[in-house]
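Okay, so here's the structure we're looking at.
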Amino acid sequence: MQYNFKDIEKKWQNIWEERKTFKAEIDRKKKKFYCLEMFPYPSGRIHMGHVRNYSIGDVITRFKMMNGYNVIHPMGWDSLGLPAENAAIKNKSNPKDWTSNNIKFMKSQLKKMGFGYDWDREIATCMPEYLKWNQYIFTKMYEKGLVYRKKSEVNWCPSCKTVLANEQVINGRCWRCESEVGLRDLDQWFLKITDYADELLNSHKELEKWPQKVIAMQKNWIGKSEGAEVEFKVYGTDLKINIFTTRLDTIFGSTFFAISIKHPFVKELIEDSPQKDKIKEFIKEVDRDSKTDLDGNEKKGIFTGKYAINTFNGEKIPIWLANFILMEYGTGAIMSVPAHDERDFEFAKKYNIPIKRVIVEDKSKSYSEDVDDVFTGKGYLINSGSYSNLSSEEAIRKMGGFLRENNLGDLKTIFRLRDWGVSRQRYWGTPIPMVYCDKCGIVPEFLENLPVELPLDIDFTPKGGSPLEKSKEFINTKCPKCGGPAKRETDTMDTFFDSSWYFFRYASLSHNKPFDNDEIKYWMPVDLYIGGVEHAILHLIYSRFFAKVFRDFGWTDLSEPFPHLLTQGMVTLEGSAMSKSKGNIVDPDELINKYGADTVRLFILFASPPEKGLEWNEKGVEGVNRFLNRIWNLFHDNMNILIENKKFDMEKEETKPIFIKLNQTIKKVTEDIEVRFHLNTAIAALMEFFNDFSVSFNKINSNNPGAVRYIFEVLLKLLGPYAPHFCNELWGKLGYNSILEHEKWPDFNPEFIFEEKVNIMVQINGKIRDKIRVNINEEELRVKEMAFMSERVKKYIQEKQVIKMIFIKNKMLSMVVK
RNA sequence: GCCGGAGUGGCGGAAUUGGCAGACGCAUCAGACUCAAAAUCUGACGAGAAAUUGCUCUCGUGAGGGUUCAACUCCCUCCUCCGGCACCA
């Protein structure tokens with residue numbers, strides 16, 4: 001029989017809502033637990049990734065509630081962003097309406113899954129209140145010097161005359177008109193996240209409960225490298241070019257100098273070269289390559305005609321333009337040491353540049369003048385003037401000192417991480433609250449004028465520029481300082497800005513500031529943050545950065561917002577992520593309608609442990625549904641026994657095994673949730689227990705009938721977080737008015753964890769030859785006696801000598817015979 | 001190239017501290033119920049060998065080696081796959 005999940009699930013969803021079961025209020029007598037899942041972008045419908053993510057969070061939430069925690073479990077919407085704008089262009093509608101319709105629908109889907117959220121704390125990042133504090137944070141950052149303006153390139157469609165987001169550029173072409181996309185230099189806003197690069201890296205140490213993988217990814221992304229910056233003079237000119245190197249110790253081996261084609265001094269270097277036209281042609285070529293030939297690994301270069309003077313030995317070395325030097329990293333110029341760097345070696349071979357060995361692995365060995373292989377390791381210096389014979393490390397230290405003393409450079413640490421460009425030339429984002437006044441210059445909008453809201457009467461059909469640029473009422477404003485006429489910034493913020501602090505706002509929906517520190521002190525940090533591993537880098541670095549900035553503002557005492565992170569793997573179909581554009585979406589609604597939310601929740605959690613990727617396969621859904629039905633049927637077939645509520649005896653011989661199994665299951669399920677988050681094995685343990693229970697049901701019923709009800713009660717509590725509607729319904733049928741979430745999570749009885757008899761394996765020469773059943777904690781001597789009496793053991797040890805015996809209590813007896 | 005992670009039956013996965021490999025579920029097969037099917041229930045289910053039924057043995061966790069009484073688990077070498085970063089100076 002299939003239980004009627006439709007009525008039951010609706011009923012309990014209403015009860016949770018009416019009783020405000022998941023409302024979170026500060027109660028300083030209780031320990032809090034902040035359970036957070038990454039909020040969704042309201043794209044229209046929830047997908048399997050959401051179902052998985054929120055099912056995990058919901059199990060933890062209910063589990064923690066039953067363990068006496070004051071749980072906050074909020075939900076909201078990352079509701080600004082490009083898809084809304086694209087949809088608006090397509091449907092000639094408004095992003096706001098599109099978004100709020102989607103939110104409405106998705107919220108109903110989440111409710112249908114039975115997820116327990118405190119909807120009173122719901123946030124949508126597009127709401128005026130959120131815009132206001134988002135903008136306020138931006139102006140604060142500006143005041144503190146964490147925001148600046150810089151020219152930066154954007155994608156530009158020449159036919160639509162508009163800036164394109166990266167997502168709108170498909171294979172180098174515009175997503176709408178397919179014309180080739182170019183680049184444009186625009187003034188844009190940046191956040192100085194690099195000021196925090198070192199701290200973001202160092203405080204990884206505090207994140208003990210983060211997956212190693214995520215930390216490794218972030219470290220990679222921040223990309224710290226320690227080296228030195230050295231000034232080189234250009235021979236015969238006043239030019240000085242700085243280079244960055246991690247191998248200052250190799251500087252005596254530098255035989256050429258290479259700079260990026262984008263280096264600001266290129267123009268001056270080639271000004272009077274007879275080869276000027278050829279060089280310009282080369283620059284164009286490399287520029288083209290960099291756009292088309294993504295992994296173009298052939299090294300190319302051209303001699304500029306100028307020479308640099310090696311700061312350490314005065315040698316003149318030729319300056320080349322080379323395609324493998326990036327302006328974005330270091331200083332855009334390098335000293336090249338072909339003997340000790342793979343790329344420099346390849347380049348030198350190609351262009352017949354001398355190669356000079358200056359580092360050797362072994363001081364006592366002699367090396368030939370010819371260098372036919374690259375040695376990139378550290379070692380000892382040779383051919384390096386007064387630095388010869390020093391180790392690489394010593395040399396770097398001394399050379400660094402020399403640079404500092406002579407004002408020619410210094411040891412320096414650089415990062416791959418670059419400042420965060422937050423400007424977007426789009427409509428559906430938080431307007432950057434800056435005003436351009438002819439008299440006062442750039443003025444951040446005052447708090448009392450916030451939020452700067454988006455104008456609604458906007459034509460979204462792309463005609464050139466950002467939609468905001470065309471709104472006269474938006475652009476024209478008063479200067480907050482002098483009151484004179486001024487113009488508004490038309491760029492909006494990267495939506496990652498919005499999502500970098502929403503979890504503070506959930507915890508404190510304060511009306512006169514972004515959040516209130518008293519409330520933050522109670523609720524924050526987030527005790528468990530659950531989300532897709534695809535956010536391992538950007539979102540999780542930005543959020544950590546924001547927390548540190550807030551701390552430095554004096555707004556909180558918190559340095560890390562998420563001490564415990566659980567990253568779930570992606571749900572894939574045929575090996576690739578489900579996405580609308582690929583058309584491989586599995587819609588959870590169909591499954592919910594067919595099997596009910598409880599089955600869907602159980603199913604997605606049972607399929608694999610959360611952190612692993614999950615290849616979608618619907619086959620197993622029948623299995624978990626069967627499990628629920630079997631419980632339902634056993635329960636209802638025995639209602640008469642269950643409502644009698646008789647006394648029972650735990651110690652009774654006939655039923656002791658099921659109590660032991662029950663207590664073992666409590667222990668296992670508790671630890672699986674709490675310690676490992678392996679919800680799949682917790683469910684498996686519950687199934688295993690129920691199998692035992694049904695097999696021995698008649699025996700229990702006839703020997704110890706009162707136990708049936710007790711066992712069902714415990715089972716419902718343990719299964720409750722996974723299948724909350726189902727379990728609450730049965731709980732009610734036992735005559736309780738309470739809801740399971742307010743019941744206490746069962747404790748296991750340590751006296752019922754161990755069985756009275758255990759199997760001891762008898763191993764002879766590494767192979768298991770017998771199992772003997774003995775009382776728990778049986779003495780070594782007695783086990784040995786029994787083992788020697790076993791016929792099967794005798795077979796293997798007769799006429800042989802036992803030379804070694806190892807006894808592990810309750811587990812095994814291992815013998816070595818000869 | 002560098003940095004992570006993984007590799008176990010037909011499939012998803014389990015084995016938490018080095019101690020019974022394959023829990024739990026799916027699929028499959030057989031049986032019961034049924035006129036029949038579905039549903040449900042019962043049983044079998046890593047590979048191979050032997051056997052009269054039960055009691056049996058050998059091999060087996062990507063490959064090869066090692067440590068150990070004992071290895072999916074620890075060490076070394078290698079292969080494959082996935083993820084991140086990448087002419088990073």
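Sequence lines set the chain letters: A, B, ... in the order given, protein chains first and strands last, and positions in each chain run from 1.
In this structure, A:Tyr542 has its ring center no closer than 6.0 Å to that of A:Trp221. The ring of A:Phe347 has its center closer than 6.0 angstrom to the ring center of A:Phe324.
Within a heavy-atom distance below 4.0 Å of RNA chain B, no residue of residues 247-256 of chain A is found.
Side-chain polar atoms of A:Asn638 and A:Asn701 form no donor-acceptor pair below 3.5 angstrom. Using a 3.5 Å distance cut-off with no hydrogens or angles, the side chains of A:His678 and A:Glu671 do not pair a donor with an acceptor. Donor-acceptor pairing under 3.5 Å is lacking for the side chains of A:Ser254 and A:Asn310.
In this model, the phosphate group of B:C11 is not approached by any side-chain N or O of A:Asn617 to a distance below 4.0 Å at OP1 or OP2. In this model, the phosphate group of B:A89 is not approached by any side-chain N or O of A:Arg416 to a distance below 4.0 Å at OP1 or OP2.
Residue A:Lys219 is out of contact with every strand shown, counting any heavy-atom pair closer than 4.0 Å. Contacts of A:Gly766 with the nucleic acid, taken as non-hydrogen atoms under 4.0 Å apart, involve only primed sugar atoms and P, OP1 or OP2. Nucleic acid contact for A:Ile768: sugar-phosphate only, since backbone atoms but no base atoms lie under 4.0 Å from a heavy atom of the residue. Nucleic acid contact class of A:Met812 (heavy atoms, under 4.0 Å, all strands): base. Among the heavy atoms of the strands, none lies under 4.0 Å from A:Pro211. Using a 4.0 Å heavy-atom distance criterion, A:Asp344 is classed as making no nucleic acid contact.
Look at the P atom in both B:G7 and B:C72: the space between them is 14 Å, to the nearest Å.
Annotation: cation-pi pair A:Arg769/A:Tyr796 present, NZ/CZ under 6.0 Å from the ring centroid and within 45° of its normal.
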Q: State the dot-bracket string of RNA chain B. Criteria: Watson-Crick or G-U wobble, both atom distances under 3.5 angstrom; notation: ( ) intrastrand, [ ] crossing earlier pairs, | interstrand, . unpaired.
A: (((((((..(((......[....))).(((((.......))))).((((......))))..(((((..]....))))))))))))....
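Residue side chain A:Lys795 does not reach the base of B:U56 through any donor-acceptor N/O pair under 3.5 Å, judged by distance alone. Scanning atom types as modelled, no donor and acceptor separated by under 3.5 angstrom connect the side chain of A:Lys804 and the base of B:C69. Donor-acceptor pairing under 3.5 Å, judged by distance alone, is present between the side chain of A:Gln763 and the base of B:G19.
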(Q) Show, in sequence, the C-alpha distance, side-chain angles and deciding distance for A:Glu615 and A:Thr572, and conclude whether the side-chain hydrogen bond (donor to acceptor under 3.5 Å, both in side chains) test is met. (A) CA-CA 5 Å; A:Glu615 169 63 24; A:Thr572 55; 2.8 Å; yes
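Here the side chain of A:Lys612 is nearest to one of B:G13, B:C85, B:U16, namely B:G13.
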